[in-house]
Amino acid sequence: AQSVAQPEDQVNVAEGNPLTVKCTYSVSGNPYLFWYVQYPNRGLQFLLKYITGDNLVKGSYGFEAEFNKSQTSFHLKKPSALVSDSALYFCAVGGGRGSTLGRLYFGRGTQLTVWP
Amino acid sequence: DAGVIQSPRHEVTEMGQEVTLRCKPISGHNSLFWYRQTMMRGLELLIYFNNNVPIDDSGMPEDRFSAKMPNASFSTLKIQPSEPRDSAVYFCASSSRTERNQPQHFGDGTRLSIL
């Protein structure tokens with residue numbers, strides 16, 4: 001069965017500092033991994049995805065994520081945080097053996113707060 | 001391109017009333033998902049459709065909940081009778097089933113309050 005863990009409910013970082021939001025996954029076979037962001041009173045917005053190839057994936061708004069197969073992790077990173085990055089971030093996994101086409105399994109979300 | 005459209009954006013109603021939430025997926029997408037988001041339980045998948053056919057409804061809380069997709073451009077989620085514990089934000093999402101690795105695109109949700 002596929003699953004995702006986001007070990008931190010909250011991440012706080014000062015503006016201009018690098019940020020990391022952690023995600024680990026469990027899946028049989030090759031995973032497809034996604035990051036989404038949710039702003040208040042909005043739906044989830046797609047940020048980036050890893051399918052295959054280069055382990056470092058670049059996405060929207062300067063975010064990137066690093067796929068690490070040995071650690072089954074897919075951490076979201078940004079070199080310099082902005083106050084406007086404050087939002088709820090979700091990691092999701094799809095694919096894997098036995099999975100239904102198109103279905104994603106979401107983590108519980110990590111609230112990122114960037115202080116000015 | 002228009003995104004996923006949900007209506008209404010907000011719904012306040014009294015316990016026992018029927019509630020109908022509506023969703024128009026992105027044109028050309030053939031997978032549709034209904035989610036519920038609460039502080040306590042996070043984001044829960046309720047049901048999803050592929051090519052208008054329900055594939056997995058194991059996340060539907062109980063028989064009071066039902067979902068339909070009469071055609072590729074419209075879906076409804078109905079709660080009858082509604083209860084205060086149904087209060088949540090309900091999201092609809094769609095994706096292209098053709099490619100396994102395509103992201104889901106979410107609407108802005110319906111915030112439901114049952115008094």
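Numbers restart at 1 for each chain; the letters A, B, ... are given by sequence-line order, proteins then strands.
In the displayed structure, Asn71(B) atom CG is contacted under 6.0 Å by more than 12 heavy atoms of other residues, nucleotides or ligands. Environment of CD in Glu62(B): crowded, with over 12 heavy atoms of neighbouring residues, nucleotides or ligands closer than 6.0 Å. At most 12 heavy atoms of other shown residues, nucleotides or ligands fall within 6.0 angstrom of atom OH in Tyr61(A).
Residues Phe106(B) and Phe46(A) keep their aromatic ring centres 6.0 Å or farther apart.
With a 4.5 angstrom heavy-atom cutoff, Leu33(A) does not touch chain B via any of its atoms. Of the two parts of Gln45(A), neither the backbone nor the side chain holds a non-hydrogen atom closer than 4.5 Å to a non-hydrogen atom of chain B. Using a 4.5 Å cut-off between heavy atoms, Ile51(A) contacts chain B through its side chain alone, with no backbone atom that close. For chain B, the nearby parts of Arg42(A) are the backbone and the side chain; heavy atoms of each come within less than 4.5 Å. When heavy atoms are compared at a cutoff of 4.5 Å, Arg41(B) approaches chain A solely by way of its backbone atoms N, CA, C and O.
Hydrophobic clustering (ILVMFWY, side-chain heavy atoms < 4.5 Å, transitive): Leu46(B) and Tyr35(B) are in distinct clusters. Criterion: ILVMFWY side-chain heavy atoms under 4.5 Å apart, direct or through other members. Under it, Leu77(B) and Leu32(B) are part of a common hydrophobic cluster. Leu44(A) and Leu88(A) fall within a single hydrophobic cluster, where Ile, Leu, Val, Met, Phe, Trp and Tyr are joined by side-chain heavy atoms under 4.5 Å apart, directly or via other members. Taken together through direct or relayed side-chain contacts under 4.5 Å among Ile, Leu, Val, Met, Phe, Trp and Tyr, Ile79(B) and Tyr48(B) form parts of separate hydrophobic clusters. No chain of hydrophobic side-chain contacts below 4.5 Å, direct or via other Ile, Leu, Val, Met, Phe, Trp or Tyr residues, connects Trp34(B) to Val89(B).
Leu43(B) and Phe106(A) get closest at one heavy-atom pair: CD2-CG, 3.8 Å. Nearest heavy atom pair, residue Pro103(B) against residue Lys49(A), reads CD-NZ, 4.1 Å. Residue Tyr36(A) comes nearest to Gln104(B) through the heavy atom pair OH-N, 2.8 Å, listed as atom of the first residue, atom of the second, then distance. Closest heavy-atom contact between Phe33(B) and Arg103(A): CE2-CA, 4.1 Å. When all heavy atoms of Phe90(A) and Gln37(B) are compared, the pair lying nearest together is CZ-NE2, 3.5 Å.
Put simply, the side chain of Tyr32(A) never gets that close to the backbone of Gln102(B): no donor and acceptor are under 3.5 Å apart.
Between the side chains of Asn41(A) and Arg111(B), at least one donor N or O lies within less than 3.5 Å of an accepting N or O.
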